[in-house]
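What follows is a single structure, written as structure tokens, with notes after it.
Letters A, B, ... are given to chains in the order of the sequence lines, protein chains preceding strands, and every chain is numbered from 1.
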Amino acid sequence: MIFSEEILKWYRENKRQLPWRDTRDPYKVWISEIILQQTRVAQGMPYYQRFVAQYPTVSDMARAREEEVLKLWQGLGYYSRARNMHATAKTVVSKLNGKFPETYEGLLKLKGIGDYTASAIASFCFDELQPVVDGNVYRLLSRYFGIDLAINSTAGIKQFKELAKKVMSTTNIRDYNQGIMEFGAIQCAPRKPYCLHCPLNKSCVALATNRIAELPVKLKKSKVKLKHFNYLVVVDANGQTILEQRKGKGIWQNLYQFPLLETKEEMAAISLGQLKDLGLGDHPSILLYNERPMVHKLSHQHLYTKFWILRTDKVVAKAIPWEKLPDFPVPVLIADFIKRFKF
DNA sequence: AAGCCGGGGTA
DNA sequence: TACCCAGGCTT
């Protein structure tokens, strides 16, 4: 049987019921695709439900404040997705009359929509003949066709896209694209795929040559960097604390955190001179909350973190009541501390 | 072309 | 642990 027919058949028999599969509304499909970038379905599902409930239309999202969108996104990671999503909602409303573009080319111009996401929305909503090539598709194609070209090299990206286009269905691109990703995710899983009862096992090159475990090939990723974070948790005379918004380029852009001292080495003690003009007076008490640094692991950084509790009998200007903290979008590292810290 | 950007699930 | 996830943007 033809490759695409096998995919479609398998999909009909094995598809999961997912809310964004019941609609052709590009707004909802778009939300689901942004959320699912580098994110498993199980992790993204509750976020999808919350975003659709909170913002039923693109106008609702466009009207929201970025902080509110980030708060709803809190815990999903890769926060540029949320910022770009919000910016695109505003663009669609202000420049496109509230309507999403209906072509791959048009969608590609929007912030946060790259080749994969433009192909997904164009094919799912408008039946445009564009193949989707996500991590699942790379894996399936590299194994089935026995291709050891690195999937994240420039040549690999180009070749896999061409191959995906060559083997795609031209009669039901919507189900086929959903199907090939589902097949890769469930049947052709990263480790221990179910080759024994795979409908493609008669013609899979990797299986025939015993290379399932070696494919796909991926270029090595850069090394993890170690950083030392010292958070200054102020407790003032009114039991209020200080939060600052992260600006600039790095991680957690536009999220909030306690005032931060980043150091080259682990810090043993804090002197009054390091308290960043927080307005704590001359005699705050300094207590180290965790003697052993907590290690917060991101994919590219390991953050060795200490929380320093700074109590003062002064009233600190612009301090925030502890009960207001849940209103602010914060990294998981900060949210976990807030949850555990009782003062 | 390579680096950067989160957090969580899985074997 | 190491790898991966319905990737995209910046340098």
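- For the pair A/Gln130 (side chain) and A/Tyr104 (backbone), a donor-acceptor distance under 3.5 Å is absent.
- A/Asp115 comes within contact range of the sugar-phosphate backbone alone, with a heavy-atom separation under 4.0 Å but no base atom that close.
- Separation of atoms SG (A/Cys198) and CG (A/Leu140) is listed at 8.0 Å; rounding is to 0.5 Å.
- Counted by atom type alone, A/Gln240 and A/Trp322 present zero donor-acceptor pairs between their side chains at under 3.5 Å.
- As judged by a 4.0 angstrom heavy-atom cut-off over every strand, A/Arg21 is placed among the base-contacting residues.
- Side chain of A/Arg40 to main chain of A/Leu36: no donor-acceptor pair is present (N/O by atom type, distance under 3.5 Å, no hydrogens or angles).
- For DNA chain C, the residues of residues 103-113 of chain A within the heavy-atom distance limit of 4.0 Å (strictly under) are A/Lys111, A/Gly112, A/Ile113, sorted by number.
- Nucleotide C/dC5 holds its C1' atom 15 Å from the CG atom of A/Leu18, rounded to whole Å.
- Here A/Thr117 lies in heavy-atom contact (under 4.0 Å) with sugar-phosphate atoms only.
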Assign a letter to each nucleotide of nucleotides 5-11 of chain B from its 5' end: B, base within under 4.0 Å of a protein heavy atom; S, sugar-phosphate only; -, no contact. BBBBBBB
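- Contact annotation for A/Lys223: no contact, since no heavy-atom pair falls under 4.0 Å across all strands.
- Looking at A/Lys71, its side chain does come within 3.5 Å of a backbone N or O of A/Pro326 through a donor-acceptor pair.
- Under the 3.5 Å distance criterion, the side-chain polar atoms of A/Arg83 are left unmatched by any main-chain donor or acceptor of A/Asn254.
- Here B/dA2 is the nucleotide among C/dC5, B/dA2, C/dG7 with the atom lying nearest to any side-chain atom of A/Leu219.
- In this structure, the CG atom of A/Asn152 is 11 Å from the P atom of C/dC5, given to the nearest Å.
- Residue pairs meeting the ring-ring contact (aromatic ring centres under 6.0 Å, His included) criterion with at least one member in residues 114-143 of chain A, sequence neighbours excluded, are A/Tyr138-A/Phe160.
- As rounded to whole Å, 14 Å separates atom P of C/dG8 from atom CD1 of A/Ile151.
- Counting to the nearest Å, the C1' atom of C/dC4 and the CG atom of A/Leu140 are 16 Å from each other.
- A/Val137 comes within 4.0 angstrom of no nucleic acid atom, judged by non-hydrogen atoms across all strands.
- For the residue pair A/Asp22/A/Gln17, the side-chain donor-acceptor check at 3.5 Å is satisfied.
- In this structure a side-chain-to-backbone donor-acceptor pair under 3.5 Å is present from A/Thr39 to A/Gln37.
- Among the atoms of the strands shown, none is found under 4.0 Å from any heavy atom of A/Trp73.
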